[in-house]
Amino acid sequence: MGVTDSLLPLALIGPMGAGKSRIGRKLAARIGHPFIDTDYRIGVRYGPIPEIFEREGEEYFRIVEREVVAEALGESSVVSLGGGAVLHADTQDDLAGCTVVYLTVSSAAVQARLRGSKRPLLQEGFERWQQIFEERRPLYERLASIRIDTSHRSIDSIVDELVTWLKENND
Ligand code: S3P
């Protein structure tokens, strides 16, 4: 496919429900590089994320998340990060050396996707999604190499756009 190692690691960031895992997995397969979902890896290593939040709290979750993110970003892969991973200063520093794909989504479009979600930060209601997104939006914007709105598009068309963009930036 010809995507050079210089574009790796490639990190996907953005709010909950933006499509980071699904798009990351498909993109990795298309460009022939490994895919790592940090939330999945946290789950394998530490147990289900809702249980981590319940037992140990968000602060502890951010510590284990940082450990897994640091490891994943060292693996020359396509890496989807949990929505709050960018809060960690060391992760912000690491992302400066990565290709960063910021996936955004409108509140209206994401609401259906997140119905029935077990995500701990949304248990008080969907309004929290918007508040959390607004708090983090400047960070996402600052860290992004490219931004794509996933609200009304198929995964395939987004992956196509990313592959084209990667080829254009592959020198
Ligand atoms: C979180 C997002 C979740 C997960 C955890 C916390 C956040 O990942 O890491 O529930 O702080 O935004 P997704 O962005 O994949 O939903």
Side-chain angles (χ1 to χ4, degrees), residues 9-29 34-73 75 77-95 98-151 153 155 158-159 162:
L10 183 151
L12 295 106
I13 64 169
M16 291 176 265
K20 301 180 293 290
S21 299
R22 288 186 306 159
I23 291 167
R25 180 174 296 109
K26 219 156 190 184
L27 176 65
F35 172 66
I36 302 167
D37 180 331
T38 57
D39 279 346
Y40 178 78
R41 195 175 274 193
I42 292 167
V44 168
R45 201 167 292 173
Y46 295 98
I49 290 176
E51 287 179 23
I52 301 175
F53 269 76
E54 200 176 302
R55 266 198 331 261
E56 320 274 0
E58 180 172 352
E59 208 174 313
Y60 176 78
F61 173 76
R62 296 298 171 203
I63 293 169
V64 301
E65 178 179 53
R66 170 59 197 160
E67 171 199 296
V68 169
V69 166
E71 183 184 281
L73 292 178
E75 290 182 28
S77 301
V78 174
V79 183
S80 73
L81 304 186
V86 296
L87 296 171
H88 201 293
D90 293 342
T91 296
Q92 294 168 23
D93 288 348
D94 287 349
L95 289 173
C98 300
T99 304
V100 181
V101 174
Y102 165 31
L103 298 179
T104 186
V105 62
S106 71
S107 160
V110 86
Q111 191 158 14
R113 294 185 198 168
L114 292 177
R115 194 158 293 138
S117 167
K118 291 192 168 63
R119 287 171 174 83
L121 296 178
L122 299 181
Q123 296 314 301
E124 286 167 29
F126 181 71
E127 311 71 58
R128 284 291 293 142
W129 183 89
Q130 187 72 45
Q131 290 165 357
I132 292 168
F133 184 29
E134 291 308 330
E135 285 165 19
R136 297 175 183 166
R137 192 198 293 264
L139 261 177
Y140 293 140
E141 298 280 353
R142 175 164 73 74
L143 296 167
S145 314
I146 180 173
R147 172 170 52 132
I148 298 183
D149 186 341
T150 70
S151 302
R153 294 180 57 186
I155 292 187
I158 293 166
V159 171
L162 282 169

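Both ligands and their constituent atoms are indexed starting at 1 by order of listing.
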With a cut-off of 4.0 Å, which atoms of ligand 1 are near a heavy atom of [X]?
| X | answer |
| --- | --- |
| G82 | 8 (O), 9 (O), 14 (O) |
| L121 | 7 (C), 11 (O) |
| K20 | 13 (P), 14 (O), 15 (O) |

Which residue and non-hydrogen atom of the protein lie closest to [atom], and at what distance in Å?
| atom | result |
| --- | --- |
| atom 16 (O) of ligand 1 | R119 NE, 2.5 Å |
| atom 10 (O) of ligand 1 | P120 CD, 3.6 Å |
| atom 8 (O) of ligand 1 | D39 OD2, 2.7 Å |

Within 6.0 angstrom of R147 CZ, more than 12 heavy atoms from elsewhere | no
Does a sphere of radius 6.0 Å around CZ in R66 hold more than 12 heavy atoms from other residues, nucleotides or ligands, not counting ones at 6.0 Å or beyond?
-> yes
R62/E59 ion pair, N-O < 4.0 Å | no
Would you kindly check if the NZ (Lys) or CZ (Arg) of R137 is within the cone defined by 45 degrees around the ring axis of F133 and under 6.0 Å from the six-membered ring centre?
-> yes
For ligand 1, is there an N or O atom under 3.5 Å from any N or O atom of I49?
-> no
Judging by distance only, is a nitrogen or oxygen of R136 under 3.5 angstrom from one on ligand 1?
-> yes
Result of checking L73, V79, T91 against T38 for side-chain contact (heavy atoms from CB on, under 4.5 Å) | V79
Any side-chain donor paired with an acceptor under 3.5 Å for E135 and Q131?
-> no
Taking all non-hydrogen atoms of both residues into account, name the closest pair between R113 and T150 and its distance.
-> NH2-O, 2.8 Å
Location of contacts on I42 toward ligand 1, heavy atoms closer than 4.0 Å | neither
Is there a heavy atom of R62 sitting under 4.0 angstrom from any atom of ligand 1?
-> yes
